[in-house]
Number of protein chains: 2
Amino acid sequence: MTPRKTGEQRKAEIIETALLLAAELGPDRITAEAIAIRLGISQPAIFKHFPRKGDIWDAVIDWLARSLGRVWTESTTDEPPEQRLFALLDAHFAFIAAHPAVPLVLLSPELQARHPPLRQTIMRLMALFHTELRQAINAGPSPPGNADQRAWMMLSLVQGIAVRWALSGHAFDIRAEGGELVRLVW
Amino acid sequence: MTPRKTGEQRKAEIIETALLLAAELGPDRITAEAIAIRLGISQPAIFKHFPRKGDIWDAVIDWLARSLGRVWTESTTDEPPEQRLFALLDAHFAFIAAHPAVPLVLLSPELQARHPPLRQTIMRLMALFHTELRQAINAGPSPPGNADQRAWMMLSLVQGIAVRWALSGHAFDIRAEGGELVRLVW
DNA sequence: CGTGCTAGTAAGTTAGCACTTACTTACCAA
DNA sequence: TTGGTAAGTAAGTGCTAACTTACTAGCACG
């Protein structure tokens, strides 16, 4: 029998593996068996920890929302005000670079169709990111004009860069190129 | 028996329906049966026209690539040079507004995993769009600096807007808001 | 008017994948 | 030491969706 682990350990491993595989296959093509093989356990063992497959997505999304929230708020602690926006965006890019599946999970229409709760979380996360961006924009030496709209613009730009990075097969350094493009706009 | 149509007519209908359903369910969740029901014919009839399901995607992607190419080149005919960029982007947004599934099909990692040829077409299309953007940028009263990078920035912004529009359930007017954001950046 | 072609149908077959059942074994606590 | 709990397994079940087979029927043309 395979080495036994505690439920909490296995749950964490399953979540981690789901994110890993999501980057390779697309989030909606992950099977319980694929996760099990990757972890060296049998397929039904997965369902011991997450009775329905949707529960895995609940857990992944929960982890994602927590992590992103933490990344955003912690990035803006003690920067000089005009750097707050860049620090926020850099932290975001760094997180995506470390977890390439993040944009795929958040943006997958297939997963949203199969798993409706995802949609709400995404809208909440986008609103939260928008708020953080707006605050960072207002904190800096802002050009005149609509900070709200500028924040939406930055949000779209960041999402677009992330999507392009995923499509290209991670062919460029998203943190470096993202930072450049963001500064170019500003 | 259902009214008979020519093969060409049916093929066109199937492609159109696939795009319609892609916007509702996500591209990788479309079934041959869903298309058949929508068209009022039986499921095997689909396979008369497209022996493998992947053939439908080949046709959809081909239509998409042609249409986008046409939209881009035809938008830049007789504008005053400084308006060329905005005309190009407006044409792009208008096309997406008319065919909401376009960004989903192009960006679906599930579909890419299932149907590898898609990936190449996407990269080609992105490169083409980038070229068009760069030319439009160079044609206008360009600020100093890297037109190449500006074109990537615009491309990312446009993709980000399209993705956000799709995620929001088409909750805003992409042509109007896209135009505003693009002008804000410029 | 009939013959060949092609769009269509009903009723399969097969494969993949979520999930179940019935059992086994590791591990901790009384 | 032992007995309950929880992690694990092998071998299913059932559903969904791609694709097949064998047949039927419109339609253009000689």
Side-chain angles (χ1 to χ4, degrees), chain A residues 1-18 20-22 24-61 108-118, chain B residues 1-18 20-22 24-61 108-118:
Chain A
M1 200 186 253
T2 32
R4 241 181 115 135
K5 304 207 175 173
T6 70
E8 285 313 305
Q9 272 180 313
R10 273 292 187 232
K11 277 190 178 177
E13 283 184 2
I14 291 169
I15 291 170
E16 193 186 341
T17 307
L20 252 167
L21 291 172
E24 294 171 21
L25 306 171
D28 197 42
R29 308 212 51 203
I30 297 174
T31 65
E33 193 173 18
I35 297 175
I37 289 172
R38 190 64 71 105
L39 289 177
I41 59 180
S42 72
Q43 185 254 34
I46 302 291
F47 291 94
K48 273 273 156 44
H49 301 286
F50 296 98
R52 328 235 112 224
K53 201 192 174 195
D55 298 342
I56 299 178
W57 288 120
D58 284 338
V60 167
I61 292 160
S108 165
E110 283 86 0
L111 198 56
Q112 279 187 43
R114 192 185 293 262
H115 198 66
L118 176 56
Chain B
M1 202 185 254
T2 33
R4 239 182 117 130
K5 304 205 172 174
T6 69
E8 285 312 304
Q9 272 178 312
R10 274 292 187 233
K11 277 190 179 176
E13 284 184 1
I14 291 169
I15 291 169
E16 193 185 341
T17 307
L20 253 167
L21 291 172
E24 295 171 21
L25 306 171
D28 198 43
R29 309 210 51 201
I30 296 174
T31 66
E33 193 173 18
I35 296 174
I37 289 172
R38 191 63 74 105
L39 289 176
I41 58 179
S42 70
Q43 185 253 37
I46 302 291
F47 291 94
K48 272 270 150 55
H49 302 287
F50 296 98
R52 328 233 114 224
K53 201 194 173 193
D55 298 342
I56 299 178
W57 288 120
D58 284 338
V60 167
I61 292 160
S108 165
E110 283 86 0
L111 199 57
Q112 281 187 41
R114 193 186 292 260
H115 199 68
L118 176 55

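Computed from a predicted model, the values in this text were never measured in an experiment. Any value given below was found using the heavy atoms of this structure, including those in side chains, with hydrogens, waters and symmetry copies removed. By convention in this document, chain letters (A, B, ...) are assigned in the order of the sequence lines, proteins followed by strands, and residues within each chain are numbered from 1.
- Between R10(B) and dG8(C), a side-chain N or O to OP1/OP2 separation shorter than 4.0 Å is present.
- In this structure, CD1 of I35(A) is placed 17 Å from P of dA7(D), rounded to the nearest angstrom.
- Remark: E33(B) pairs with T31(B), I37(B), Q43(B) by the side chain to side chain contact (heavy atoms under 4.5 Å, CB included) rule, at least two apart or across chains.
- For the pair I46(A) CD1 and dA6(D) P, the computed distance is 19 Å after rounding to whole Å.
- Residue D28(A) contributes atom CG, which lies 12 Å from atom C1' of dC17(C) at whole-angstrom precision.
- In this structure, the side chain to side chain contact (heavy atoms under 4.5 Å, CB included) partners of P109(A), at least two apart in sequence or on a different chain, are P27(B), L104(B).
- Evaluation of the side chain to side chain donor-acceptor pair (under 3.5 Å) rule for R29(A) yields no partner, not counting sequence neighbours.
- At the phosphate of dT6(C), neither OP1 nor OP2 sits under 4.0 Å from any side-chain N or O atom of H49(B).
- Partners of K11(B) according to the salt bridge (charged side-chain N to carboxylate O under 4.0 Å, His left out) rule, which considers only residues two or more places apart in sequence or in another chain, do not exist here.
- DNA chain D is contacted by no residue of residues 11-18 of chain B, taking any non-hydrogen atom closer than 4.0 Å.
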Distances under 3.5 Å only, N/O to N/O: pair up the protein atoms with those of nucleotides 18-21 of chain C.
unit_1  : atom_1 : unit_2 : atom_2 : d
dA18(C) : OP1    : K53(A) : NZ     : 2.8
dA18(C) : OP2    : A32(A) : N      : 3.1
dC19(C) : OP1    : R52(A) : NH1    : 3.3
dC19(C) : OP2    : K53(A) : N      : 2.7
dC19(C) : N4     : Q43(A) : OE1    : 3.0
dC19(C) : N4     : Q43(A) : NE2    : 3.0
dT20(C) : OP1    : R52(A) : NH2    : 3.3

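- Every salt bridge (charged side-chain N to carboxylate O under 4.0 Å, His left out) that R38(B) has, sequence neighbours left out, goes to E24(B).
- Residues satisfying the side chain to side chain donor-acceptor pair (under 3.5 Å) test with D58(B), not counting sequence neighbours, are H115(B).
- No donor-acceptor pair under 3.5 Å is formed between the side chain of E110(A) and the backbone N or O of D28(A).
- The separation between I37(B) atom CD1 and dT9(C) atom P is 12 Å, rounded to whole Å.
- Scored by the side chain to side chain contact (heavy atoms under 4.5 Å, CB included) test, E13(A) finds K5(A), R10(A), L39(A) as partners (sequence neighbours excluded).
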